[in-house]
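Counting starts at 1 for both ligands and their atoms, in listed order.
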Amino acid sequence: MKKKILAVLLASAMVFSLAACGSKTDSSTGGSTSSDAASNGKTIGVAMPTQSSERWINDGANMKKQLEELGYSVDLQYAEDDVQQQVSQIENLIASEVSCLVVAAVDSSALVNALAQAKTADIPVIAYDRLLMDTDAVSYYATFDNKGVGTKIGQYIEEKADLKNLTKDDPKTIEFFMGSPDDNNALFLYNGLMEVLQPYLDSGVLVCKSGRTSFDDTCILRWSQETAQQNCENYLSGFYADEDLDICATAFDGFAYGCKAALEGAGYTSENWPMVTGQDAELMAVKNIIAGTQTMSIYKDTRILAEKCVTMVQAVLEGTEPEINDTEQYDNGKLVVPSYLCDPVAVDKDNYQKEIVDGGYYTEEELAS
Ligand code: BGC
């Protein structure tokens with residue numbers, strides 16, 4: 001009999017620890033603050049896409065910290081870019097009766113049913129950074145000006161490559177590495193970028209020797225660094241054997257790392273290193289900017305994005321008014337989602353100190369290590 005009880009105890013202990021191992025949950029209760037009354041007992045489910053890129057780790061950490069400071073508990077999940085995993089994580093958060101869901105989607109079209117379940121369960125949903133498409137379950141959207149990101153990359157290229165003063169007899173070569181087709185941000189960025197660069201492609205001041213300039217031809221599924229590297233290797237060997245590539249117009253720091261590896265592999269040196277753009281101002285990217293292997297990035301202060309998103313959580317749970325600055329651009333197919341767009345900033349070796357170090361995003365020590 002004793003043996004039997006022991007076996008049962010052991011079995012349930014195993015189930016318990018397996019359950020604990022199986023979930024990538026970071027759930028904890030925040031300290032008490034003045035708004036504890038409103039937040040009392042409420043858990044916010046935060047579903048993030050991946051830990052493979054530094055920006056999302058910072059996003060998750062900022063959201064958790066700021067929500068906990070208001071007295072909420074936070075259940076933070078990362079899906080590692082696995083669409084099905086994110087669906088189950090969201091379904092589990094709904095089943096555990098979180099008070100509100102904050103979602104940065106891997107592929108938002110795959111979340112439509114899960115988000116409908118949230119709506120049925122009266123759980124409000126906030127879209128974080130990436131718009132949630134084809135659903136009426138979403139209340140607000142906190143993001144950066146995604147078209148503005150593309151415009152800023154385009155304007156940077158225009159200015160630093162001196163495109164206004166070039167002619168088609170003295171053109172610059174350019175290749176494009178755009179974001180994931182299942183991420184609404186990627187097309188916004190492309191449109192902003194092309195608004196600036198298309199006239200130069202048309203006039204022959206910019207020459208894309210691969211001929212791949214459309215979004216469909218240049219988008220990279222799930223923002224894969226490996227695919228960016230492969231594409232860059234193919235472009236360099238297929239089209240740039242006799243002439244250097246001058247500009248890698250990339251939409252993501254991860255792509256800039258992929259291009260860097262391809263360029264090194266093809267024998268590029270500081271003598272003929274192209275202009276390489278990026279997005280997110282990851283620590284590694286800023287180090288590469290200092291070292292000269294990446295030219296610029298788009299700095300997105302994720303602390304501010306989290307702040308704006310938290311005001312939206314408070315709005316849906318406490319009946320307050322969130323700050324909204326765009327009610328036109330983000331039509332998800334079901335509704336135009338009231339949004340707050342934070343301001344992206346182009347950074348390079350000349351202003352990273354002022355924007356990033358003085359702003360307390362990274363320290364000199366972090367950048368030097
Ligand atoms: C974000 C970018 C990020 C990209 C890849 C996009 O949705 O807006 O900041 O670089 O995803 O993670």
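- Here the heavy atom of the protein found nearest to atom 5 (C) of ligand 1 is W223 CD2, 3.4 Å.
- Contact between W56 and ligand 1 is present, with at least one heavy atom of the residue lying under 4.0 Å from the ligand.
- A perpendicular orientation is assigned to the rings of Y299 and Y361, their planes being inclined by more than 60° (bins at 30° and 60°).
- Below 4.0 Å from some heavy atom of D129 lie the following atoms of ligand 1, by number and element: 1 (C), 6 (C), 7 (O), 8 (O).
- Applying the 6.0 Å contact sphere to CD of Q117 captures more than 12 heavy atoms from other residues, nucleotides or ligands.
- Counting only heavy atoms of the protein, atom 6 (C) of ligand 1 lies nearest to D183 OD2, 3.3 Å.
- Residue K300 holds the heavy atom nearest to atom 2 (C) of ligand 1 of all those in R130, K300, R222, E282.
- Relative to the ring axis of Y340, K308 places its NZ or CZ within 45° and under 6.0 Å from the centre.
- Ring planes of F188 and Y330: parallel class, angle under 30° (limits at 30 and 60°).
- Here the heavy atom of the protein found nearest to atom 3 (C) of ligand 1 is D280 OD2, 3.4 Å.
- Relative to the six-membered ring of Y235, K209 misses at least one condition, a distance below 6.0 Å or an angle of at most 45° to the axis.
- Linking ILVMFWY side-chain heavy atoms closer than 4.5 Å, directly or via other members, places L132 and L93 in a single hydrophobic cluster.
- In the vicinity of R55, heavy-atom distances shorter than 4.0 Å reach the ligand 1 atoms 1 (C), 2 (C), 8 (O), 9 (O).
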